[in-house]
Amino acid sequence: MNTRPRQKVLIVDDEPDIRELLEITLGRMKLETFNARNVGEAQSLLKRETFDLCLTDMQLPDGTGLELVQHIQQRHPRVQVAMITAYDSLENAISVLKAGAFDFLTKPVDLTRLRELVTSALLVPARGVGIDRRLLGDSLPMRNLRKHITKLAGSHATVYISGESGSGKELVARLIHDQSPRANQPFIAINCAAIPSELLESEFFGHRKGSFSGAIEDKPGLFQTAHGGTLLLDEVADLPLSMQVKLLRAIQEKSVRCVGGQQEVAVDVRILCATHKDLGTEVAAGRFRHDLYYRLNVIELRVPPLRERRDDIEMLASHILKRLAADTGQPAARLHPLALDALKSYRFPGNVRELENMLERAHTLCENKQIEAGDLRLAEGNCGAEGGVPDLTRIDNLEAYLENIERQLLLQALEETRWNRTAAAQRLNLSFRSMRYRLKKFGLD
Ligand SMILES: Nc1ncnc2c1ncn2[C@@H]1O[C@H](COP(=O)(O)OP(=O)(O)OP(=O)(O)O)[C@@H](O)[C@H]1O
Ligand SMILES: [Mg+2]
């Protein structure tokens, strides 16, 4: 029996609904949760229990989350803290990061982000942890990517991070920041696609009280709050053209003027941008300004899709399974060699994120702590050596390529027939003899 103690998380919020939501979500991650309604209760719990992580609201009845972060930094420095804050108090969140918090989330809480944050807070305790332990993969493209990140981290250059959905663009941006001289300053990731267009200008550059209905107080923008640090413009291709002009101006002038304000304020931010779309295509289609494109695309870092670095799949899978085991306090599930084969020939349209989700599901569903190919629920149409029309540029050995396809099809037929070899042979219209020969050839007997 595994007797590893569950990791403990302290939740500090005066709203019962939020506490309950966090408790349920973290409980499902097999974490032990404790609740406090205010700073005072949190401080006494911190004296009694040894926590791994504290998630705190910003506004509390008897103080602020910031005071709690400072208290934890001084008295319980091994405890990670993350802040949950209303969107319009982002500036507070920045001071919290500066005070030493690990990260922050905005309300309403996005549960996927919450789980990602908690996982990294518990597993990547120090910001300075080596890049090769955070951006995994021993394939040549990944080794090159890490080299480029380390080199670029030292410069002030704008970097355009391209890559398919779920391939690790945000992780790359974080690593550039964490390795840079700005590491102790804020890292702000802004999802351009998620902000309503009429709020973009005020979100980016801030606003003065009364400058539009709803502007009830002065508010700094993301450029000001990222001052001294790094600003990731995520999904930048989704910015409307009108906002692109204003962004270009801010980058060129290195200053911003808030909505309703009279004065330009100098800002020092390093800009990184990312999108899963092809920016060149967006420019050609007239949806993205070419002058902004040239400004942003000073250096392009391409994060390769997982199917171009299949050698990394095994290492990633084993890392993810270990993490799931740590999350659940159970022994890690083993990946059956055939399941690994199936993963290695899967197309992974959703890249590393898809692999994470797939293994999480399989880890919960599998029996006897062994993940079989069937537990992975690979999407049809993306299975098989290359998933679709073969691409000649990826084929350097026709025989090996065809054998791989043959092996995958045999496997699928065997799984479909619950490893009844006679039925599998019939399914493929092979004689039993021929089937036996092939099973032997591929070591599947
Ligand atoms: N090389 C890697 N090593 C370890 N974890 C990785 C790697 N690449 C991606 N991940 C993990 O995969 C998940 C998705 O990564 P990330 O959010 O950076 O992708 P993205 O390219 O920004 O995706 P999207 O286009 O959907 O925004 C994260 O949990 C991230 O930590
Ligand atoms: Mg992203």
Side-chain angles (χ1 to χ4, degrees), residues 29 82 102-103 105-106 110-125 127 129-150 159-179 187-195 230-239 271-279 282 296 300-324 326-327 343 346 348-361 363:
M29 295 172 76
F102 170 77
D103 206 339
L105 281 175
T106 51
D110 173 339
L111 292 185
T112 307
R113 282 208 75 87
L114 170 69
R115 283 191 290 263
E116 284 180 3
L117 180 149
V118 170
T119 307
S120 23
L122 294 175
L123 266 135
V124 187
R127 282 196 153 207
V129 166
I131 176 170
D132 49 346
R133 284 177 51 201
R134 292 176 66 187
L135 186 71
L136 301 172
D138 207 31
S139 60
L140 188 63
M142 289 315 271
R143 289 203 305 253
N144 282 337
L145 185 60
R146 284 196 294 268
K147 237 187 262 167
H148 283 127
I149 291 173
T150 308
V159 181
Y160 160 43
I161 305 163
S162 65
E164 289 181 12
S165 169
S167 57
K169 298 184 294 298
E170 182 161 349
L171 180 59
V172 167
R174 274 192 175 271
L175 289 170
I176 294 178
H177 171 77
D178 287 355
Q179 304 250 313
F187 170 84
I188 308 277
I190 165 168
N191 183 347
C192 301
I195 300 177
T230 308
L231 186 61
L232 167 65
L233 303 170
D234 207 354
E235 302 305 348
V236 72
D238 290 271
L239 275 183
I271 305 278
L272 305 177
C273 66
T275 168
H276 68 280
K277 294 186 180 169
D278 183 72
L279 262 191
E282 297 301 297
L296 295 177
E300 178 177 348
L301 264 192
R302 177 174 177 272
V303 187
L306 198 47
R307 67 182 161 282
E308 283 181 20
R309 42 181 167 115
R310 294 184 191 278
D311 290 349
D312 291 341
I313 291 175
E314 185 167 0
M315 177 199 230
L316 277 166
S318 123
H319 170 82
I320 294 166
L321 289 175
K322 274 192 206 133
R323 192 175 70 195
L324 286 166
D327 283 356
L343 284 179
Y346 183 66
F348 282 107
N351 293 289
V352 185
R353 182 176 291 116
E354 186 180 14
L355 177 64
E356 286 178 341
N357 292 341
M358 191 183 273
L359 290 178
E360 188 173 346
R361 198 176 48 221
H363 187 268

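First listed ligand is number 1; within each ligand, the first listed atom is number 1. Computed from heavy atoms alone, side chains included, the values below leave out hydrogens, waters and symmetry copies.
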Sub-4.5 Å side-chain heavy-atom contact between M315 and M142
no
Can a salt bridge be assigned to the pair K277 and E235 using a cut-off of 4.0 Å between side-chain N and carboxylate O?
no
Point-to-point distance, once rounded to the nearest 0.5 Å, from CD of E300 to SG of C273
9.5 Å
Between R307 and E164, does any side-chain N to carboxylate O distance fall below 4.0 Å?
yes
Let me confirm one number: the CD-CG distance from E360 to L355, rounded to the nearest 0.5 Å.
11.5 Å
First-shell residues of ligand 1 [heavy atom, distance under 4.0 Å]:
R134, L135, L136, M142, E164, S165, G166, S167, G168, K169, E170, L171, L316, V352, R353, E356
Is it true that the side chains of S139 and D312 contain a donor and an acceptor less than 3.5 Å apart?
yes
